[in-house]
There are 2 protein chains.
Amino acid sequence: MKDASKFKWPKGLKRTKTRESVLSVLEVSKSPLSAREIYSEIERMGESIWLSTVYRALDAFVEAGLVTKTSVLDNEITLYDLKQSGHKHYAVCVGCHKIIPMLNCPMDDFKPKLLKEEFQITGHKVEVYGYCTECKEL
Amino acid sequence: MKDASKFKWPKGLKRTKTRESVLSVLEVSKSPLSAREIYSEIERMGESIWLSTVYRALDAFVEAGLVTKTSVLDNEITLYDLKQSGHKHYAVCVGCHKIIPMLNCPMDDFKPKLLKEEFQITGHKVEVYGYCTECKEL
DNA sequence: AGTGTAGTTGCGAATCAATTGCATTTAACA
DNA sequence: TGTTAAATGCAATTGATTCGCAACTACACT
C-alpha cells in the first residue's frame with residue numbers, strides 16, 4: 001500500500017515508477033530536498049534510479065506546477081518542494097542549514113513568525129519575479 | 001585618473017591591480033554583475049585577468065564586507081554587488097534577466113515600488129537568515 | 001632604498017551540479 | 001494488442017566554481 005499520493009497526477013505526464021518514487025519522497029519530507037537527497041532516499045528504499053532521471057522528473061513536475069524549485073543561502077543549495085505544502089517561505093539556519101517553514105508571508109504585513117522555533121535573524125532576502133516593461137509586450 | 005574609488009580599502013587585503021579593476025567595474029555598474037561579466041568587462045578595458053582571479057577577488061571582498069553575493073532566479077544567476085549601493089532587494093525580469101533595484105524593503109510595509117519601471121509581478125521569494133535554537137547556543 | 005615573506009596571481013587541472021544524446025523501454029490509448 | 005510519443009538507463013558533456021602550485025609582488029621592517 002505505497003501509493004498514498006493525494007495529488008492529482010498532472011495530465012500529459014506518464015505515470016512511471018521513478019516519478020512516483022520522486023513524488024512520494026517529496027510527499028513524506030517535511031522540508032524541501034535537493035535532487036541528490038531525493039536520489040539517495042530512493043536508493044535507500046531499495047529502488048534503482050539515476051540522478052539524471054531525478055532531475056528530469058523534477059523538471060517535469062516543476063513544469064506541471066506540482067513542485068517548486070528554490071535556492072537558498074545564495075546558491076549553496078537548490079531544493080525542490082511540493083507546492084501543496086502550503087508554505088512558500090522559509091527561515092534558513094546559516095549554522096546547520098535547517099529549513100524552517102514560516103507561518104506567514106511578507107506580502108501581508110511582514111513580521112516573521114516561525115513554527116515552534118526561536119530564530120535569531122541575521123539577514124533576509126526578498127526577490128520579486130515578473131516581466132519588465134519591455135518583456136511585457138512581447 | 002582612474003582610481004576614483006571612494007571606498008576605504010579593506011585592511012588585510014593587498015591593493016593589487018586586479019582587485020582595483022574588479023572593484024572599479026562594480027563601482028561603475030548600476031546593477032549587480034556575475035563574475036563572468038566582471039571578467040569580460042575587465043578584458044574589454046584592455047587589461048588581462050583570469051576568471052579564477054576574479055572569483056578570488058570577489059571572495060576576498062565579500063569576506064571583507066565590501067561586496068554582497070546574491071543569487072537570483074533560483075540559482076540561475078549568481079551576482080556580486082557593492083554593499084554601498086544602498087538597495088538590497090531587486091526585481092528580476094524573468095524575460096531578459098534585467099535587475100531592477102527596489103526602492104523599498106519588505107521589512108517595512110511590503111508594497112514593491114520600482115525605479116521608473118512598470119513591472120508585472122508573477123512571483124516573489126523571501127528568505128530569512130539567522131540561527132536556529134540549537135545553533136544559537138554554540 | 002633593500003629585503004623577507006605572507007598574500008596574490010597566472011595558469012591549468014579538478015570538481016561538482018546539472019544537462020544532454022541516444023538507444024532501449026514503457027505507459028497510454030486507439 | 002499494436003503503435004507511438006514519452007520516459008529511462010547510461011555515458012558523456014557542459015559550465016560555473018574551486019584548487020594546486022610555482023612565480024610574483026605589496027608592504028612592513030630594517
Side-chain angles (χ1 to χ4, degrees), chain A residues 2-3 5 7-25 32-43 45-64 66-81 97, chain B residues 3 5 8-25 32-43 45-64 66-81 97:
Chain A
K2 311 294 291 304
D3 184 41
S5 182
F7 299 96
K8 65 282 161 229
W9 197 267
K11 56 167 160 265
L13 293 193
K14 280 192 188 173
R15 185 165 201 136
T16 65
K17 172 147 51 166
T18 63
R19 285 180 174 170
E20 287 190 330
S21 301
V22 169
L23 198 58
S24 75
V25 169
L33 299 172
S34 69
R36 183 156 240 110
E37 286 169 329
I38 295 168
Y39 163 78
S40 303
E41 181 58 28
I42 294 175
E43 292 267 299
M45 302 189 319
E47 295 173 43
S48 148
I49 195 171
W50 280 75
L51 191 49
S52 54
T53 303
V54 172
Y55 278 111
R56 285 193 270 224
L58 288 170
D59 284 349
F61 287 142
V62 168
E63 174 127 13
L66 200 56
V67 164
T68 297
K69 181 182 183 182
T70 355
S71 83
V72 132
L73 285 180
D74 284 321
N75 254 4
E76 275 177 47
I77 318 173
T78 300
L79 301 172
Y80 299 85
D81 191 20
H97 291 185
Chain B
D3 185 40
S5 184
K8 65 281 160 228
W9 196 266
K11 55 167 161 266
L13 291 194
K14 281 191 187 172
R15 186 166 201 134
T16 64
K17 173 145 52 166
T18 61
R19 284 180 174 169
E20 290 191 329
S21 301
V22 169
L23 197 58
S24 76
V25 168
L33 299 173
S34 69
R36 184 157 238 110
E37 286 170 329
I38 295 168
Y39 163 78
S40 303
E41 182 57 28
I42 294 175
E43 292 266 300
M45 302 189 320
E47 295 172 41
S48 148
I49 196 171
W50 279 75
L51 190 47
S52 52
T53 302
V54 172
Y55 277 110
R56 284 194 271 224
L58 288 170
D59 284 349
F61 287 142
V62 167
E63 175 128 11
L66 200 56
V67 163
T68 297
K69 181 182 183 182
T70 354
S71 84
V72 133
L73 286 179
D74 285 319
N75 262 3
E76 273 179 50
I77 316 175
T78 300
L79 300 172
Y80 299 85
D81 192 20
H97 291 185

Counting side-chain heavy atoms from CB outward, which of [options] is closest to [X]?
{"X": "Thr53(B)", "options": "dA11(D), dG10(C), dA17(C)", "answer": "dG10(C)"}
{"X": "Tyr55(A)", "options": "dT17(D), dA17(C), dT8(C)", "answer": "dA17(C)"}
{"X": "Leu13(B)", "options": "dT18(D), dT19(C), dT8(C)", "answer": "dT8(C)"}
{"X": "Trp50(B)", "options": "dC27(D), dA16(D), dG10(C)", "answer": "dG10(C)"}
{"X": "Ile49(B)", "options": "dT19(C), dG10(C), dT9(C)", "answer": "dG10(C)"}

Please test Val22(B) against Ile49(B) for side chain to side chain contact (heavy atoms under 4.5 Å, CB included), starting from the C-alpha separation and ending with a verdict.
CA-CA 10 Å; Val22(B) 169; Ile49(B) 196 171; 4.2 Å; yes
Side-chain contact, heavy-atom cut-off 4.5 Å: Leu13(B) with Leu66(B)?
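In short, these two side chains do not touch, never coming nearer than 4.5 Å.
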Tell me: [atom1] of [X] to [atom2] of [N], nearest whole Å?
{"X": "Glu47(A)", "N": "dG9(D)", "atom1": "CD", "atom2": "P", "result": "11 Å"}
{"X": "Lys11(A)", "N": "dC29(C)", "atom1": "NZ", "atom2": "C1'", "result": "16 Å"}
{"X": "Leu51(B)", "N": "dT14(D)", "atom1": "CG", "atom2": "P", "result": "18 Å"}
{"X": "Tyr39(B)", "N": "dT17(D)", "atom1": "OH", "atom2": "P", "result": "14 Å"}
{"X": "Ile77(B)", "N": "dT17(D)", "atom1": "CD1", "atom2": "C1'", "result": "16 Å"}
{"X": "Leu79(A)", "N": "dA18(C)", "atom1": "CG", "atom2": "P", "result": "10 Å"}
{"X": "Asp59(A)", "N": "dT20(C)", "atom1": "CG", "atom2": "C1'", "result": "12 Å"}
{"X": "Leu58(B)", "N": "dT17(D)", "atom1": "CG", "atom2": "P", "result": "10 Å"}

Quick check for you: to the nearest 0.5 Å, what is the distance between [X] atom [atom1] and [Y] atom [atom2]?
{"X": "Asp59(B)", "Y": "Ser52(B)", "atom1": "CG", "atom2": "OG", "result": "11.0 Å"}
{"X": "Glu41(B)", "Y": "Ile38(B)", "atom1": "CD", "atom2": "CD1", "result": "10.0 Å"}
{"X": "Lys17(B)", "Y": "Ser24(B)", "atom1": "NZ", "atom2": "OG", "result": "12.0 Å"}
{"X": "Trp9(B)", "Y": "Phe61(B)", "atom1": "CH2", "atom2": "CZ", "result": "4.0 Å"}
{"X": "Glu47(A)", "Y": "Thr18(A)", "atom1": "CD", "atom2": "OG1", "result": "9.5 Å"}
{"X": "Leu58(B)", "Y": "Ser34(B)", "atom1": "CG", "atom2": "OG", "result": "9.5 Å"}

Between Arg19(B) and dT9(C), does any side-chain N or O lie under 4.0 Å from OP1 or OP2?
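For dT9(C), OP1 or OP2 has a side-chain N or O of Arg19(B) closer than 4.0 Å.
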Show me the protein contacts with nucleotides 22-26 of chain C, counting only N or O atoms at under 3.5 Å.
| from | atom 1 | to | atom 2 | distance (Å) |
| --- | --- | --- | --- | --- |
| dT26(C) | O2 | Lys14(A) | NZ | 3.2 |

For Glu43(A), does the CD atom sit with more than 12 other heavy atoms under 6.0 Å from it, leaving out its own atoms?
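Yes, the 6.0 Å shell around CD holds more than 12 heavy atoms from other groups.
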Taking all non-hydrogen atoms of both residues into account, name the closest pair between Arg19(A) and Lys14(A) and its distance.
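So the two residues come closest at NH1-O, 3.2 Å.
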Identify, between Lys17(A) and Lys17(B), the residue whose nearest nucleotide on DNA chain D lies closer to the 5' end.
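Closer to the 5' end of DNA chain D: Lys17(A).
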Determine the contact category for Ser52(B): base if any of its heavy atoms lies under 4.0 Å from a base atom, sugar-phosphate if only primed atoms, P, OP1 or OP2 are that close, otherwise nothing.
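Result for Ser52(B) = base.
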Read 5' to 3' with Watson-Crick or G-U pairs under 3.5 Å, [ ] for crossing pairs and | for partners on another strand, DNA chain D gives ||||||||||||||||||||||||||||||
